[in-house]
Amino acid sequence: MTSRQAALGTAFALLVATVSILLLLARPRPPNKPAVTRAAAPAATDLSRTIKARLFYVSDDGTRLTSVEREVPYAEGPEQAREIINAQIALGEPLVSAVPSGTALRAVYLTERGDAYVDLSRQAVTGHLGGTVNELLTVYTIVNALTVNLPAVKAVQILIDGKEVETLAGHVDLRQPLAKNMGLVQ
C-alpha cells in the first residue's frame with residue numbers, strides 16, 4: 001500500500017466518523033413528553049401479597065445478564081413499577097447487580113403510550129464502573145426489569161436526579177426510551 005492510499009483511507013475513515021457524529025447530533029427529538037403518571041410512595045403497597053418478577057443480574061462471566069425469578073411486593077397500577085425497580089436495585093446476594101451500589105430509586109413515571117421514566121439517584125453515574133459492557137448491563141437491567149414484567153411498558157428512559165442524561169458512562173444513549181433487549185440475557 002502506498003502512502004497516498006494510506007492517506008486516502010485515513011481521510012475516508014475520518015469523513016465517515018464525522019458524518020456519523022453529525023447525524024447523531026442532528027437526530028430529531030420529540031417535541032414534548034406525553035402526560036405521565038407518577039408512581040406513589042411505597043405506602044400504597046400491599047405487603048401481604050407478592051408477585052413473581054423476573055429480575056436481572058450479571059452473569060458469572062460478567063458479559064451478559066442472567067434472569068432470576070423473585071418475589072416482589074404486589075402494588076396497584078404504576079406503583080408496581082416502583083416495587084419492581086426497588087427489588088431490582090436491592091442487593092440480591094449472592095448474585096451481582098449491574099446497578100451501582102447505593103443507587104436509589106427517586107421516582108417512576110408511566111405514560112399512556114407505554115413509556116416508563118425511571119429516575120435514579122446520582123450514584124447510578126458516580127458509582128458506575130464504566131466501560132461499554134458494564135453500561136449496557138446496567139441500562140438493560142432496568143429496561144428489561146420493567147418491559148418483561150409489565151406488558152403495558154414498551155420502553156424505558158433512565159433519568160438521573162430528575163433530569164435527562166445523555167449516558168451513564170459515555171456509551172449508551174439515554175436520551176430516548178429504550179425497548180427491551182433480551183439479546184444480553186443468557
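Counting from 1, the numbers follow the sequence of the chain as shown.
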Nearest non-hydrogen partners of [X] and [Y], listed with the distance:
X    : Y    : answer
N149 : A53  : OD1-CA, 3.3 Å
S121 : G102 : OG-O, 4.0 Å
A169 : G130 : CB-CA, 3.9 Å

Within the 4.5 Å heavy-atom criterion, are [X] and [Y] side-chain neighbours or not?
X    : Y    : value
Y117 : L110 : no
I84  : L150 : yes
V165 : V125 : no
V72  : Q80  : yes

Tell me, please, which residues at least two apart from T147 pass side-chain hydrogen bond (donor to acceptor under 3.5 Å, both in side chains).
none
Are the side chain of [X] and the backbone of [Y] linked by a donor-acceptor contact shorter than 3.5 Å?
X    : Y    : result
Q88  : A145 : no
Q157 : L174 : yes
T167 : V172 : yes
E164 : I158 : no

Would you compute the distance between atom [atom1] of [X] and atom [atom2] of [Y] and round it to the nearest 0.5 angstrom?
X    : Y    : atom1 : atom2 : value
L65  : L137 : CG    : CG    : 4.5 Å
I160 : L120 : CD1   : CG    : 5.0 Å
I142 : L178 : CD1   : CG    : 12.0 Å
T141 : L55  : OG1   : CG    : 9.5 Å
L105 : N86  : CG    : CG    : 5.0 Å
T50  : Y74  : OG1   : OH    : 11.5 Å

Check whether V96 and I85 end up in the same hydrophobic cluster, where Ile, Leu, Val, Met, Phe, Trp and Tyr are linked by side-chain heavy atoms less than 4.5 Å apart.
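Yes.
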Keeping to residues at least two apart or across chains, list the side-chain hydrogen bond (donor to acceptor under 3.5 Å, both in side chains) pairs with something in residues 124-134.
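Qualifying pairs: Q123-T126, H128-T138, T132-H171.
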Run the salt bridge (Lys or Arg N to Asp or Glu O under 4.0 Å) test on R113 and D115 for me, step by step, so that the C-alpha distance in whole Å, both residues' side-chain angles and the decisive distance to 0.1 Å come before the verdict.
CA-CA 6 Å; R113 72 171 189 224; D115 290 336; 2.6 Å; yes
Just grab all the salt bridge (Lys or Arg N to Asp or Glu O under 4.0 Å) pairs involving residues 50-66, residues at least two apart or on different chains.
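Sorted result for residues 50-66: K52-E69, K52-E71.
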Provide the full list of salt bridge (Lys or Arg N to Asp or Glu O under 4.0 Å) pairs with a residue in residues 117-137, sequence neighbours left out, each pair given once.
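Of all non-adjacent pairs touching residues 117-137, those that pass salt bridge (Lys or Arg N to Asp or Glu O under 4.0 Å) are R106-D119.
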Might you work through the side chain to side chain contact (heavy atoms under 4.5 Å, CB included) test for V58 and T66, ending with a clear yes or no?
CA-CA 6 Å; V58 177; T66 187; over 6 Å; no
Exercise answer: donor-acceptor pairs, residues 179-186 side-chain atoms, under 3.5 Å, sequence neighbours excluded:
residue, atom, partner, partner atom, Å
N181, OD1, G183, N, 2.9

Set of residues satisfying side-chain contact (heavy atoms from CB on, under 4.5 Å) with respect to V68, sequence neighbours excluded
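If we apply the side-chain contact (heavy atoms from CB on, under 4.5 Å) test to V68, skipping adjacent residues, the hits are Y57, R70, L95.
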